[in-house]
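Values below: all heavy atoms of this structure, side chains included; hydrogens, waters and symmetry mates excluded. Letters A, B, ... mirror the listed sequences (proteins, then strands); counts begin at 1. Values in this document were obtained by computation on a predicted structure and should not be read as measured data.
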Number of protein chains: 2
Amino acid sequence: MARSDTRYREAYNQILAYCETLPTAAPIPSETSLAEIAGVSRTVIRRCLARMEELGLISWQGRDKLLLRAPRSEDRIAVPDTPQDKSDLEQRFLDWVLRFDVPANTPLSVAELSRTFDVAQHDLKEFLAGLSRFGLVSRRPQGGWMLLGFTKDFAIELSDFRCVLELNAVTHVAEAPVDHPVWAALAQLRRDHLALKAAIDTDFHEFSKLDERFHLAINSVVKNRFIAEFQKVISLIFHYHYMWDKTEEKHRNAAAIEEHIAIIDALEARDAEAARVAAQRHLRTSKTTLLSSLRHHDLG
Amino acid sequence: MARSDTRYREAYNQILAYCETLPTAAPIPSETSLAEIAGVSRTVIRRCLARMEELGLISWQGRDKLLLRAPRSEDRIAVPDTPQDKSDLEQRFLDWVLRFDVPANTPLSVAELSRTFDVAQHDLKEFLAGLSRFGLVSRRPQGGWMLLGFTKDFAIELSDFRCVLELNAVTHVAEAPVDHPVWAALAQLRRDHLALKAAIDTDFHEFSKLDERFHLAINSVVKNRFIAEFQKVISLIFHYHYMWDKTEEKHRNAAAIEEHIAIIDALEARDAEAARVAAQRHLRTSKTTLLSSLRHHDLG
DNA sequence: CAATTGTTTTTTATAATAATGTACAAATAC
DNA sequence: GTATTTGTACATTATTATAAAAAACAATTG
C-alpha cells in the first residue's frame, strides 16, 4: 500500500546500461550526474549504487566509486509489468464510447474501465475529471461518474462550436502568407480530392481519411493551445461518426468532396468571405450528418 | 485507511429530523423510501435503522418499523468537520495564482495546496487534471504538477481565443429576436455606462464590475456548454488582471466605456458587421492591456 | 568555494480497505 | 400472481496509511 518502485528498477537498468559503455575499473560519475542521466532523483541513484555495490559490481566509498567488472545481463533487475500507456487513453476511451454506442447518461464504473483499458484507477479518475471539463462526463451525486454525451443537444452544441473554430481557421488560412506550408498542403489535397472524385464509385470509403487530413490542414494554421485541445476531441468524434454512419455514404462523400473543393477554390483566390460561406455550407452538412447518425442509433 | 462514514452520519441526522415530523408510534416508511429521502443507498439506511433500534428509538423487525419515542437532540450523531466546499475551488485557485503573482513554470505541491485550500489531496489532483485541459497546468516528468500560465504566449493565445468566442457571441446578439432579454440588458448597460462616464473622475474603479456585466450579457446569448465552460475561466483571468493593473486605470476605463458604447450602438442598429468591427477594436485593446500587465509583473 | 556526499524532511503515488452502492433472490402483503 | 419490501451477496468507491521518490539542507571534500 505504497507507491511502486518501478522508477528505481528502470533507473537501475538504465545506469547498468550506462556502465556498460565505461571501461572496467573506470570511475563512476557523481550521484548528481547519474541522476541527470536516468532522469530521477539522487535518492533513487543511491539505491541503485547500493545494490550495485552489494552485487560486487562497483566499489563505493564516499565519492570514490569504481566499476569493478562489466555488467552482465543477469545483473539486470526485473521491471514489473508496466500498465498500458495512458497517453492514448483519450483515443481509446472515445473509441470505446462510440464503437459500442454507449448511450447518454450511462454510469461509468472506474473499476471496470480500469480493467478494460489497463490503466490505474486514479489515472482514470484524473482522465475523467479532465473530460468533465468538456461536459462529456460528470460526477454523480451518489459517487462515481456518468457519461453525458451524446445527446442531440450535445451534438448540436459540439457542431456549433466546431463551426466557430473552423470558420476562424478558414479566415486565418485566407490571410496566410504565400510561403506558408498550408498552400502546398491544399494544392495536394485538391489533387487527392479530384483523384478520389474520379474513382468515387469504388473508393468512396477512402474519403474519411481525406476528410480528416483536410480539416487538419485548415486548423493547423491556427496556433492556439485552447483551440488545439478542443479540435482533438471534436475531430475524433466527427471522424468516428462519419465512419460508422453508412447511410448513403457514397452520395454523401461525393457531395463533401465538392464542398471541400469549393473551400479550396475560395481560399486559393484569397477570398476570405467566399471561403467562410463555403465552409459554413460544408459545416452545416456535417452537422446534419452527425445529427442523423445519432437519430439512427436512437432508433436502432 | 478507508473511506469516511460522513455519508452515514449525515443521513442518520437527516432521517432523525424526518422522524421528528412523525407522530409517536407511527410506522416508518420502507427502506427504499428512506433512501430516497436521504439521497443515499439502502445500505446506509439499514445502518441508520440499526443504530436507531439500538438506541431504543424504534422497534425494527422485518418490515415492521415503529417509532417508539420522539427523537431528542442528544440522539443526533456527530458529523466530522467537513472540509471546505470544493465547488469554488477554481475561483479560489485562480485568485491565489493571480493575487500572489505565481510565476509561470512554478512547481505546484499538491500537499501544500491541499492544506491552503482545505481540500483533500485527490480532489485537488482531479481539479488540476481538469485545468491541464486548459493548458494552465501540466504534469511534471518527475511527478507532481506545474503551473504553466501566464506567459506571454499564454496571454496571446487566451486573448485570441476569447476574441473568437466573443465575436461569435456578438454576431449572435445582432441576430437575436426583439423580445430577447439581451436587449433590455444592453439598454440598462448603456445607461450605466453613461452614468459612469459622467462620474469617471471619481468612480473609475467601478468599471471592473461593469465590464464583467457587459461581457456576461453578450456571451449569455450563446447557449453552448463548451463555450460557457471556457468563458468562466477567461473572464476570471481578465477580470483579475484588470483589477490589479493600476497603470493609467482611469484613462483606460474611460476609453473602454466608449468602446462598449460603440458596440451597443452597432448592436442596437442590428448592424452585425459594424458590431464585429467595434468588438474587435475593444478586444484588441483588452489584449494589449493584458500583455502590458504581464510585462509589468515580469519587470517588478 | 564549488562540487559532491550525507542526512533529514517533505511530497507523491499507490495498494489496501471500510464504507457505500448495486443486483438479485427470498419473503411478504395485497 | 404480482408489486413491494427486505435479506444477502457482491462490486465499486472514497479515503487513508505508507513506502518510494523528491527536495531541502548540512557536512564534507578536493
Without decimals, in angstroms, what is the distance between [X] [atom1] and [N] [atom2]?
X: B:K65; N: D:dT6; atom1: NZ; atom2: C1'; answer: 8 Å
X: B:L34; N: D:dT4; atom1: CG; atom2: P; answer: 17 Å
X: A:R140; N: C:dG21; atom1: CZ; atom2: C1'; answer: 8 Å
X: B:D64; N: D:dT6; atom1: CG; atom2: P; answer: 9 Å
X: A:I45; N: D:dA21; atom1: CD1; atom2: P; answer: 11 Å
X: A:H122; N: C:dA15; atom1: NE2; atom2: C1'; answer: 9 Å
X: B:Y12; N: C:dA19; atom1: OH; atom2: C1'; answer: 18 Å
X: A:K125; N: D:dT13; atom1: NZ; atom2: P; answer: 8 Å

Using a heavy-atom cut-off of 4.0 Å across all strands, would you classify [X] as base, sugar-phosphate, or nothing?
X: B:L108; result: sugar-phosphate
X: A:R115; result: sugar-phosphate
X: A:R63; result: base
X: A:R9; result: nothing
X: A:R42; result: base

Geometric class of the A:F226/B:F161 ring pair [parallel <30°, tilted 30-60°, perpendicular >60°]: parallel

Would you call A:R139 and B:E126 a salt bridge, using N to O less than 4.0 angstrom? yes

Is A:E90 paired with B:R133 through a side-chain N to carboxylate O contact shorter than 4.0 Å? yes

May I ask you to test the A:Y12-A:M52 pair for a side-chain heavy-atom distance under 4.5 Å? yes

Is the closest side-chain heavy-atom distance between B:W96 and B:L113 below 4.5 Å? yes

Of the nucleotides [options], which one has an atom closest to the side chain of [X]?
X: B:Q142; options: C:dT5, D:dT13, D:dA22; result: D:dA22
X: B:R47; options: C:dT20, D:dT13, D:dA20; result: C:dT20
X: B:V40; options: C:dT5, C:dG21, D:dT12; result: C:dG21
X: B:V110; options: C:dT7, C:dT12, D:dT6; result: C:dT12
X: A:Y8; options: D:dA21, D:dT15, D:dA22; result: D:dA21
X: B:D5; options: D:dA20, C:dA19, C:dT11; result: C:dA19
X: A:E31; options: C:dG6, C:dT4, C:dT17; result: C:dG6

Does [X] make a side-chain N or O approach to OP1 or OP2 of [N] shorter than 4.0 Å?
X: B:R7; N: C:dG21; result: yes
X: A:R139; N: D:dA14; result: yes
X: A:S41; N: D:dA21; result: no

Once you build an axis from the first five pairs and another from the last five of the helix from C:dC1-D:dG30 to C:dC30-D:dG1, how far apart in angle are they, to 10 degrees? 10°

A:R46 or A:D123, whichever maps to the more 5' nucleotide of DNA chain C: A:R46

With nearest nucleotides of DNA chain C determined for B:E112 and A:T6 from heavy-atom distances, which residue corresponds to the more 5′ nucleotide? B:E112

Presence of donor-acceptor pair under 3.5 Å, side chain of B:R3 and base of C:dG21: no

Presence of donor-acceptor pair under 3.5 Å, side chain of B:T43 and base of C:dT22: yes

Cation over ring, B:R47 on B:Y8, under 6.0 Å and within 45°? yes

Got more than 12 heavy atoms from elsewhere within 6.0 Å of CD, B:E20? yes

Return the minimal non-hydrogen interatomic distance between B:L55 and B:D75, and the atom names on each side. CD1-O, 4.3 Å

Please report the closest heavy-atom contact between A:A129 and A:S132, naming both atoms and the distance. O-OG, 2.6 Å

